[in-house]
Amino acid sequence: MFDYLENLNDAQREAVLRTEGPSLIIAGAGSGKTRVLTYRMVHLLKQGIRPSTILALTFTNKAAREMKERIAGMVGQQLASWLWMGTFHSIFARMLRIEHEATGYPADFTIYDAADSKNLVRTIIKDFGLDDKVYKPGTVSSRISNAKNNLITPGSYAQKPEFRDYDRSIQMPRISEIYKEYHKRCRIAKAYDFDDLLLETNLLFRDHPDILARYQSKFDYVLVDEYQDTNYAQYLIIRNLVANHRNICVVGDDAQSIYAFRGARIENILNFQDDYPDHKVFRLEQNYRSTQTIVNAANSVIAHNKRQLRKAVFSEKETGPKIRLIEALTDGEEGFQVAGIIAETQLRDHYRFSDFAILYRTNAQSRIFEEALRKKNIPYKIYGGLSFYQRKEIKDLLAYFRMVVNPDDNEALKRIINYPPRGIGQTTLSKLEQLSTDNEKSVWEVITAGGDHFQTEFNAGTRSKIAVFSALVNRFREQAKDMGAFELARTIAAETGILKDLYNDKSPEGLSRYKNMEELLNAIQEFTTSAIEEGRESGIGDYLQEVALLTDQDNEKEGDRDKVTLMTVHSAKGLEFRTVFIVGMEKNLFPSVQAGDFLSQEEYEEERRLFYVALTRAQQQVFLSCADQRYRWGKLEYCQPSPFIREIDPRFLEQGTGGKNTFMQRQDPIQNYSRFRAEQELPRNPVSPSLRTNFQRKADQLKTESQEEGYAVSEDLSGYLPGTVVEHQRFGLGKILKVEGVAPDVKATVFFHNAGQKQLLLRFARLRIVK
DNA sequence: TGGGAAGTCTTTTTT
DNA sequence: AGACTTCCCA
């Protein structure tokens, strides 16, 4: 009966079998963590536990779906379909809809996505008469998000000294007011943003102990995947839910925590043992994915991090080839070399294109590799960038749906009130918004209720245009009652003229927009038919609920099978490839170092974990690549290799791959740099090896010359003394308070009048002496 | 009101 | 470089 346990190693089996009480499963990279979670649930089900009492939380829809499929394969579709399995957001959105009476919100609330939130914040900043160069909507929005993730409500925000002080230090003392207003307007629009879904769940539990008690006894078993990526709000929900039975099982790897920038708390996993003293720890340390070389190399890097949970990941696979370093002179050549290696290996060793992945730190880095791959006719697919559901044309049509479900949804209304154009301009919209905020009503209420203000404010022509719009929306709302999602979608697309509009646009972008619209309609049709077949609701509201929490990576396209994968390291998490290229391995591409700031210890360790994640994606072989020079934002930039390369135990790194005078062998890559820079710009795409050698020789010659002249960067820094008035490109005027360190690592503490105190690395800082 | 010129800014990303 | 916003003028 339990023969599936044969498929597990000892550590995995123990973790599966201990179903009662708190369990912490520390799962190293490639150690079969999904398998353990899956089997654990199967094991519970086989013992006769009812599936509806099991709650399993993941971070992505994809992870949830895959796990559900695997479970269904072992215990049958029927049983698996009763499991409460999904992302934090989708599960608790569902709960908030069910418990809507207690929250005072309708069940068909809208979910604002990141763009909607940001737009709303932008509007509020304008309404407050604040300068949006100082109050950047993105920053304010992320401050609000940050507060919500830490369960700071709009009412309590102003009392929190840590938030208040920080807001002051970034010159935005009024964020707390913006937060309050933002919250108010979300309520009027009957909308939750992503963070609200977690915050409101917490408030629901806090204010309604009876409801909490009901869910506590409903879910006998709670499992959490990727626990190292949970934020405080998520942590607290879990803690509350399992407070009675404490049947909690969390799986994670602190070494792969790479989402601190969006509120993930690595402490959650580090402190699990204190939170649940009666816990048991399971360590999954055998890596089934990568060669010994890769596992050992990755271990040698991560060992530099101070805070981590004890574990010793090992591999029993073959030793495998060493990690190779590609040292290119320019970014163009870097792409050229990577593409060359892919083409060669694919031919020689019969690799498939899908065996390769090119991983980079930022999406913008993909271009150079696209070009190189295209030139060599290598098929590739790119992840990232704008997702399908964030495209304008898609959001426009979905905005009509949102209006049908919840006409108070102001952000949706703003999107479509004049799309397609019906003569309602910015002036009219601003007035409407003004009326809406003054009366604390949604724009929809304002235009449908009429009222005196409405009459006096607008002339007859404008009023009739608005009436046409509201009649249109009302007609759709009426039709929605007896139409499925697909039928309604088609009606809307046709009757509003959106479809015709897109069809008539014959530009390349227009064509792709039209295609996207077709794709959306297909997706809705598919949703409707499968919903009907499976006996689920197929209305527009149900579709929206599904789509609001969906992402692009959820729909893999056909024909993407045998292609090289290009993606950021972040999105590669959870995936694996035979050969991995980690490209752009330069110090310069570390975000903050670029601006001349220092990374904090925590940030630096997170960068290292990012590198760890990248390394452990590979089964067979890792290539690292860096370039001497690259273009960024249209300007030439001179690069140094990432310090993390040096942290790899040299036993696992192929030595001397790049010739004599390469980055790694330069004694001090910093020295002489500015001289070297100014005089030698290499062509972006060196083609022949002889040409390359030529440039290499020239570059080396220059380097030697400038060395002989005794030119050093430190001389340049001599004027930067305490008291000096300097101007920073971004922070403006400031005064140097303190200078410390030995050249070239000279660190200066500068007080900027507009930006507060900063620590800058002088050799990077865009700083100029004023006086 | 809309189009073109000029200015601004630039991490990572899930929900 | 490229996406995005803002400004200004017809």
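Order of the sequence lines sets the chain letters (A, B, ...), proteins ahead of strands, with each chain counted from 1.
Atom C1' of nucleotide dT14(B) and atom CG of Asn149(A) are separated by 11 Å, given to the nearest angstrom. Note: CD (Glu200(A)) to C1' (dT15(B)) measures 16 Å, nearest angstrom. In this structure, CD of Gln365(A) is placed 15 Å from C1' of dT13(B), rounded to the nearest angstrom. The separation between Asp196(A) atom CG and dT15(B) atom P is 17 Å, rounded to whole Å. In this entry the distance linking NE2 of His89(A) with P of dT14(B) reads 12 Å, nearest Å. The interatomic distance linking Phe194(A) (CZ) with dT14(B) (P) rounds to 11 Å, in whole Å. Rounded to whole Å, the distance from CG on Asn61(A) to C1' on dT13(B) is 14 Å. Between the CZ atom of Phe92(A) and the C1' atom of dT15(B) there is a distance of 13 Å, rounded to whole Å.
For the pair Ser90(A) and dT15(B), the criterion of a side-chain N or O lying under 4.0 Å from OP1 or OP2 is not met. The side chain of Asn231(A) contributes no N or O atom lying less than 4.0 Å from OP1 or OP2 of dT15(B).
Judged as a salt bridge (charged side-chain N to carboxylate O under 4.0 Å, His left out), and not counting sequence neighbours, Glu66(A) has no contacts. Taking the salt bridge (charged side-chain N to carboxylate O under 4.0 Å, His left out) definition, one finds that Arg143(A) meets it with Asp167(A), sequence neighbours left out.
Judged by distance alone, with hydrogens and angles left aside, Arg361(A) brings a side-chain donor or acceptor within reach of the base of dT12(B), the pair sitting under 3.5 Å.
Within 4.0 Å (heavy atoms only), Tyr259(A) reaches sugar-phosphate atoms of the nucleic acid but no base atom. Counting any heavy atom pair closer than 4.0 Å across all strands shown, Phe261(A) reaches a base atom.
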Checklist entry - Could you walk me through whether Tyr612(A) and Asn305(A) pass the side-chain hydrogen bond (donor to acceptor under 3.5 Å, both in side chains) check? => result CA-CA 11 Å; Tyr612(A) 177 83; Asn305(A) 273 5; over 6 Å; no

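Relative orientation of the Tyr259(A) and His570(A) rings is tilted, given thresholds of 30° and 60° on the angle between their planes.
Of the candidates dT12(B), dT13(B), dT15(B), the closest approach to any side-chain atom of Arg262(A) belongs to dT13(B). Side-chain proximity of Thr362(A) to the nucleotides dT11(B), dT14(B), dT13(B) is greatest for dT11(B). Between dT15(B), dT13(B), dA1(C), one nucleotide has an atom nearer to the side chain of Arg367(A) than all others, and that is dA1(C).
Paired with Asp193(A) under the rule side chain to side chain donor-acceptor pair (under 3.5 Å), one option of His183(A), Lys118(A), Lys148(A) passes, and it is Lys148(A).
Residue-to-nucleotide proximity on DNA chain B shows that, of Lys136(A) and Leu197(A), the 5′-proximal contact is made by Lys136(A).
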